[in-house]
Each structure stands twice: as structure tokens, then as C-alpha cells.
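Working notes, beginning with the structure itself.
Just so you know, these numbers use all the heavy atoms, side chains as well, and skip hydrogens, waters and symmetry mates. FYI, the numbering just counts along the sequence from 1. This one's a predicted model, so the numbers in the text were calculated from it and none came from an experiment.
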Amino acid sequence: MRAFCLLLSLWAYQQLAAQEWSLVWSDEFSSDGRPDEATWNYEHGFVRNEEDQWYQPQNAWQQDGLLIIEARKERRPNPTYRADSRHWGQRRQNIDYTSACLTTQGKREFLYGRLEVSARIPTAGGAWPAIWTLGYGQEWPSCGEIDLMEYYRIHGRPHILANVAWGNDRRYDAVWRSNKVPFTHFTNRDEAWAQQFHVWRMDWDQTAIRLYLDDELLNEVPLAETVNGTIGHGSNPFTRPQYVLLNLALGGLNGGKIADEALPMRYEIDYVRIYQKK
């Protein structure tokens, strides 16, 4: 009887949610081949966090109803190499790994609503998959950053992170509201967790940002707190639109030692959906 009541409550919640939210856009990745160019851009080269991968479009494609982002071990000369450069990526003589980062910048953004992403993430050493959003109009972090998901190791232990960041009084210095959840929190309940798809969700309104994993609330940040410092002129980045990023990084500042034997690694995304209140 108790199980029946729980199922009934879940059904009632789902019906209420369906009445409250309206799907305004989605990508179900239903056709094989290249991702929709009307929605997705690609980052190129060595981009951030001293990561080991070179981003390129060839490492992302649609197949069997999934968006696949694949990290590979590839060695070739770095076309941007400059021995005297101040940029960490240009100082690298070679490319040793490749992957992809897709963004909706300039093509698909949203202000408030619900963002849902269903994905299966790689968890081998060095893997740093992410689902996140960024804002416009100011440099990072005053533009605002929301990380629905980051996965990497902290002191050697795998964690899943849910973060919100905005600007401080110093350039490129962020104020972080982070929740770092040990991966064992999930795998102790299900040893096969990493072999399955899971749903990361952000509910964002005028009062707060709430980040969920499979309906479990991981982080809640009131927008009353997310006010930029002097660099961002005291603005609130989360009262302006954000765009979506999906990427699989390797190594770098946070990814840790790369398990070459696990390459190629695949990050698989089933869908990306945006809802807004009716």
C-alpha cells in the first residue's frame, strides 16, 4: 500500500509539473550526422583551464538518437604554437588529445525557466564532462556561470559538482556557490550508476537558481546574493539570458591524470530541453 501511495504521489507531481511548464525548445538529436548548425557552435583549439584537449568539431556527431562527444588520443603539431607566447595553449608544441565543446552562443539563449539535459557521462581518469551556461555582455565571471554538472576528481576522489558563479572586485576572480558531492553518494545506491543516463536540471526564476540531479536538489542559490562586484558594476548577471555549453575536457587544472587506456571516451547526450512557466 505504501509503494502504491508513493507511485500515486509521483504521478500527481508529474501531472502538476506538466501543467506548470511548457516545452519551448528541445534538441532530441534524432537524425544521424552533424548537430544542427542553426543551434550549435563549436569551440576551437586550447580554450581554458590549461586543459589537455584540443577542441575540434570532428569529435561531435549525432548517432542513434544521441549527441556523442568523443575524447581521443591524437598527436600532431599545434598550429598555434609560439614558443614566446604568454598563452598556455600556444606554448604547447603538440596536440596530444582532442575533444569537442558545443555551445548555443548567439543562436539559442533563455532567461528563466527549466533546462533539462539527459546524459551518460564518462568517469575514467582525467574525464571532465560538463553541462553549463554562460551570460552575455560582460567578461567572465561578471557574465555569470551556472554549472548544472561538472565531474572530476578532488584530491583523487571523484565528485559531481553543481555551481553558480558571478563577478568579484578583481578581474577574472569569481564568487562561487558550489556543492561538491562525492561520487560515492550516487554509486553506493547504484553500482551501475555510470552505465546509465541521468537527468540534470536547472530551475531558474526571479528568486533563485536550483540545480538537481535525478530530482535530487544539489544546490540552491538566491538571486539576492548573485550581485557582481565593481568589475561588473554591481549588476546581477542572472537577470539576463544565458546560453548552453556541452563539453568533454581532459586533464588540465581539475581533470586529473588522464587514463589513456580508457580512450576514446564518450560523453553521450540524449536530449537538451528548455521549458518555461505557462
How far apart are the closest heavy atoms of [X] and [Y], and which atoms are they?
{"X": "Ser22", "Y": "Lys278", "result": "CB-CG, 3.7 Å"}
{"X": "Asn236", "Y": "Thr239", "result": "O-OG1, 2.8 Å"}
{"X": "Leu102", "Y": "Pro35", "result": "CD2-CG, 3.9 Å"}

Q.
According to ring-ring contact (aromatic ring centres under 6.0 Å, His included), does anything in residues 138-158 pair up with another residue at least two apart or in another chain? List the pairs.
A. Trp128-Tyr152, Tyr151-Phe183
Ignoring hydrogens and geometry, is there a side-chain-to-backbone donor-acceptor pair from [X] to [Y] under 3.5 Å?
{"X": "Asp270", "Y": "Leu66", "result": "no"}
{"X": "Arg171", "Y": "Ile231", "result": "no"}
{"X": "Asn94", "Y": "Asp96", "result": "no"}
{"X": "Asn59", "Y": "Glu70", "result": "yes"}

Q: Mind checking side chain to side chain donor-acceptor pair (under 3.5 Å) for Arg92 and listing every partner two or more places apart, or none if nothing turns up?
A: none
(Q) Under a 3.5 Å cutoff, is there a donor and acceptor pairing between the side chains of Asn78 and Trp54? (A) no
Q | Short side-chain donor-acceptor distance under 3.5 Å, Thr98 and Glu74 | A | yes
Q | Trp204 and Phe110 aromatic centres sub-6.0 Å | A | yes
Q. Do Tyr243 and Tyr136 have ring centroids that are under 6.0 Å from one another?
A. yes
Q) Given the rule in the salt bridge (Lys or Arg N to Asp or Glu O under 4.0 Å) test, do Arg114 and Asp203 qualify, once you have shown the distances and angles that lead to the verdict? A) CA-CA 5 Å; Arg114 168 174 288 179; Asp203 286 353; 2.7 Å; yes
Q.
List the residues meeting side-chain contact (heavy atoms from CB on, under 4.5 Å) with Gln196, not counting sequence neighbours, and say none if there are none.
A. Asp190, Ala192, His198
